[in-house]
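In what follows, a single structure is set out as structure tokens and then discussed.
Because the structure is predicted, anything quoted here is derived from the model rather than measured.
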Amino acid sequence: MAIPLKVTIPSRCFLFKVAFLQNKDTTVFFCFTPINRYAEFSFDIRLFIHKFCIEVFIVAYVDFSTNAFLLGINGKIQVAGRTTDTQVMTKGSGDARMQPLYFLITTAGTDTHSICYEIHQKAKDILDGRKIDPTFYPVIYGADDGDDWTDPKVWKKANPSLGITVGIDKVKAACESAKQNPAEENSFRQLRLNQWVKQAVRWMPMEKWDKCSFATNESGLEGRVCYGGLDLSSTTDITAFVLVFPPGDEDDKFVVLPYFWIPEENIDLRVRRDHVPYDVWERQGYLQTTEGNVVHYGFIEKFIENLGERFNIREIAFDRWGAVQMVQNLEGMGFTVVPFGQGFKDMSPPTKELMKLVLEEKIAHGGHPVLRWMMDNIFVRTDPAGNIKPDKEKSTEKIDGAVATVMALDRVIRCGNDASESVYDKRGLLFI
């Protein structure tokens with residue numbers, strides 16, 4: 001009986017080797033060895049290969065950051081990894097075939113700039129009717145963003161073979177563990193529910209953050225003491241300025257007012273490239289644009305000056321990197337600007353305090369969508385002493401607003417509503 005084995009001519013499977021080099025140790029995997037040996041003695045298989053000449057596509061997933069390499073012959077090799085170069089998928093390689101067929105299989109990950117995420121978004125767009133491609137047949141098994149990740153019905157939705165190939169007791173145990181340890185939630189969503197997440201380990205529990213969406217009234221805050229945090233980032237990226245108002249009494253909350261700017265000319269490009277609704281946020285008034293293809297710092301300086309006329313901005317904390325000229329201009333306007341280090345020493349106390357205030361629901365941010373997105377993006381680095389700080393390099397998306405909030409909160413904790421010298425100016429916060 002002829003077996004429809006899909007291999008490339010000549011009439012036998014050559015030994016295909018995939019070598020992964022990592023940490024100076026080489027592990028060689030021998031793929032298709034049993035088929036190769038069987039083909040040597042099977043006339044039917046050899047005959048079938050000669051007649052139909054069907055080409056095999058061996059899909060190898062390689063993380064390019066680990067110096068991996070491929071060795072092999074006979075077969076097209078498609079490599080999908082942490083890269084945005086779509087040409088690596090060997091587009092056009094099937095043009096010589098009358099009916100080429102490609103299988104693209106991926107599970108959810110954390111890198112939304114990868115080619116896997118691009119294919120995933122294309123599949124969703126086709127399913128939702130936003131795109132039409134009769135040559136692309138998408139099938140997605142996964143939980144939607146609004147689904148309850150603790151619901152067994154959602155588990156079944158993402159795992160059609162639940163109870164057959166995967167025991168429901170194992171999924172239930174993983175869910176219970178994620179409930180007790182918020183750091184495991186993203187891992188459960190990614191691996192069990194096939195959801196794309198910001199990072200494997202989430203620092204900010206977003207359900208707790210959302211509970212702090214208490215209404216904020218800017219006009220009602222006019223004249224009150226507040227402190228600012230300024231994160232300029234680069235001239236082509238998002239600039240964030242956040243005001244934090246200390247509570248007036250024990251029953252009051254810390255109020256957060258965030259402001260964001262982005263260059264006007266590249267907003268459409270960023271929407272398509274980053275899959276982030278900057279244009280929607282701009283129309284809703286949560287994000288402002290400055291003229292040109294770079295951030296207009298003069299516009300932001302004037303905006304902050306106008307805020308200073310409405311609110312009693314005692315201090316503005318800023319990241320020393322790239323802020324020299326703006327700092328001089330703000331000082332010329334009469335603002336007190338304070339340099340703020342981005343290391344563990346300066347960032348750890350206010351970062352821990354932010355988490356404490358969120359868990360206690362003692363902060364009000366008005367549900368600002370841009371700030372929420374950035375809080376969800378945070379990856380926190382920890383040193384051996386247990387100090388923490390937001391890490392921009394490890395965070396998969398922008399966190400400028402979160403960093404600005406942390407800096408402003410630090411000045412609030414140190415100074416508060418009292419204009420006199422605070423003990424925290426000479427020492428950091430103490431945590432018990």
Side-chain angles (χ1 to χ4, degrees), residues 112-113 198-199 202-204 206 209 227-244 256-264 266-267 269-271 273-282 284-290 293-297 299-301 303-304 307 316-327 330 337-343 346-348 350-351 354-355 358 363 365-381 388-412:
T112 55
H113 297 294
K198 304 297 182 182
Q199 56 272 331
R202 169 181 283 169
W203 178 71
M204 176 63 71
M206 296 312 295
W209 176 262
Y227 298 82
L230 177 64
D231 193 323
L232 292 182
S233 193
S234 67
T235 57
T236 60
D237 219 328
I238 298 177
T239 290
F241 181 69
V242 178
L243 290 176
V244 177
V256 178
L257 291 184
Y259 304 93
F260 302 95
W261 296 269
I262 195 174
E264 182 179 21
N266 66 15
I267 188 171
L269 172 63
R270 294 178 66 93
V271 170
R273 184 191 67 191
D274 302 340
H275 305 289
V276 177
Y278 297 110
D279 53 345
V280 176
W281 291 336
E282 192 268 338
Q284 295 174 342
Y286 295 112
L287 178 71
Q288 301 184 55
T289 57
T290 63
N293 57 5
V294 296
V295 175
H296 194 299
Y297 287 160
F299 178 87
I300 297 175
E301 292 167 6
F303 187 91
I304 295 177
L307 289 178
I316 297 177
F318 69 95
D319 179 4
R320 300 181 183 90
W321 184 87
V324 177
Q325 186 59 52
M326 179 176 283
V327 166
L330 291 176
V337 292
V338 181
F340 198 94
Q342 302 298 298
D346 294 310
M347 294 296 289
S348 184
T351 303
L354 174 62
M355 177 62 76
V358 169
I363 195 168
H365 51 70
H368 197 287
V370 183
L371 183 60
R372 184 192 189 279
W373 172 65
M374 291 183 175
M375 285 293 175
D376 195 20
N377 293 337
I378 294 180
F379 177 90
V380 167
R381 184 187 294 274
I388 64 175
K389 70 170 185 175
D391 191 324
K392 287 188 176 182
E393 293 184 0
K394 291 292 185 179
S395 300
T396 55
E397 295 285 359
K398 303 303 176 184
I399 62 171
D400 309 84
V403 172
T405 302
V406 169
M407 292 192 293
L409 181 62
D410 177 84
R411 303 315 302 169
V412 171

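Of the residues Ile316, Leu257, Asp231, the one that meets the side-chain contact (heavy atoms from CB on, under 4.5 Å) test with Phe241 is Ile316. Across Asp400, Asp319, Asp237, a single residue satisfies salt bridge (charged side-chain N to carboxylate O under 4.0 Å, His left out) together with Lys392, and that is Asp400.
Proximity of Tyr259 to Ile300: side-chain heavy atoms (C-beta onward) are nowhere separated by under 4.5 Å. In this structure, the side chains of Thr289 and Ile267 come closer than 4.5 Å at one or more pairs of heavy atoms. Under the 4.5 Å side-chain criterion, counting only non-hydrogen atoms from C-beta, Leu230 is in contact with Met326. Side chains of Ile378 and Asp376 form no contact here, defined as non-hydrogen atoms less than 4.5 Å apart. Between Phe318 and Pro339 there is a side-chain heavy-atom pair separated by less than 4.5 Å. The shortest distance between side-chain heavy atoms of Lys389 and Ser348 does not fall below 4.5 Å. A heavy-atom distance below 4.5 Å is found between the side chains of Leu232 and Tyr297. Annotation: side chain of Phe260 is not in contact with side chain of Thr239 (no heavy-atom distance under 4.5 Å).
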Open item on the list: Checking Val256 against Ile363 for the side chain to side chain contact (heavy atoms under 4.5 Å, CB included) test, could you report, in this order, the C-alpha distance in whole Å, the side-chain angles of both residues, the deciding distance, and whether it holds?
Closed with: CA-CA 7 Å; Val256 178; Ile363 195 168; 3.7 Å; yes

Task: side chain to side chain contact (heavy atoms under 4.5 Å, CB included) evaluation trace for Met355 with Ile388 - done: CA-CA 11 Å; Met355 177 62 76; Ile388 64 175; over 6 Å; no

Task: Working for side chain to side chain contact (heavy atoms under 4.5 Å, CB included), residues Leu330 and Ile304 - done: CA-CA 8 Å; Leu330 291 176; Ile304 295 177; 4.1 Å; yes

Open item on the list: Apply side chain to side chain contact (heavy atoms under 4.5 Å, CB included) to residues Tyr227 and Val412 and explain how you reach the verdict.
Closed with: CA-CA 6 Å; Tyr227 298 82; Val412 171; 3.5 Å; yes

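When every heavy atom of Trp209 is checked against every heavy atom of His365, the shortest pair comes out as O-NE2, 2.7 Å. When all heavy atoms of Ala408 and Gly229 are compared, the pair lying nearest together is CB-N, 3.5 Å. Considering every non-hydrogen atom in both Ala317 and Arg411, the closest pair reads CB-CG, 3.9 Å. The minimum heavy-atom distance between Ile262 and Tyr278, with the atom names listed, is CD1-CD2, 4.0 Å. Smallest separation of non-hydrogen atoms from Leu409 and Pro350: CD2-O, 3.7 Å. Scanning both residues, Gly228 and Leu243, for their nearest heavy atoms gives CA-CD2, 3.9 Å.
Taken to the nearest 0.5 Å, the CZ atom of Arg381 stands 13.5 Å off from the OG1 atom of Thr351. To the nearest 0.5 angstrom, Leu354 atom CG is 4.5 Å from Met204 atom CE. One finds the OG1 atom of Thr405 at 4.5 Å from the CG atom of Leu371 (value rounded to the nearest 0.5 Å). Residue Arg372 holds its CZ atom at 4.0 Å from CE of Met206, rounded to the nearest 0.5 Å. We find the CD-CZ distance between Gln288 and Phe299 to be 5.0 Å, quoted to the nearest 0.5 Å. Within the model, atoms NE2 of His368 and CE of Met374 stand 9.5 Å from one another, a figure rounded to the nearest 0.5 Å.
Between His296 and Trp261, the ring center distance fails the sub-6.0 Å criterion.
A donor-acceptor contact shorter than 3.5 Å is absent between the side chain of Asn377 and the backbone of Ile399.
Residues passing the side-chain hydrogen bond (donor to acceptor under 3.5 Å, both in side chains) test with Gln342, sequence neighbours excluded: none.
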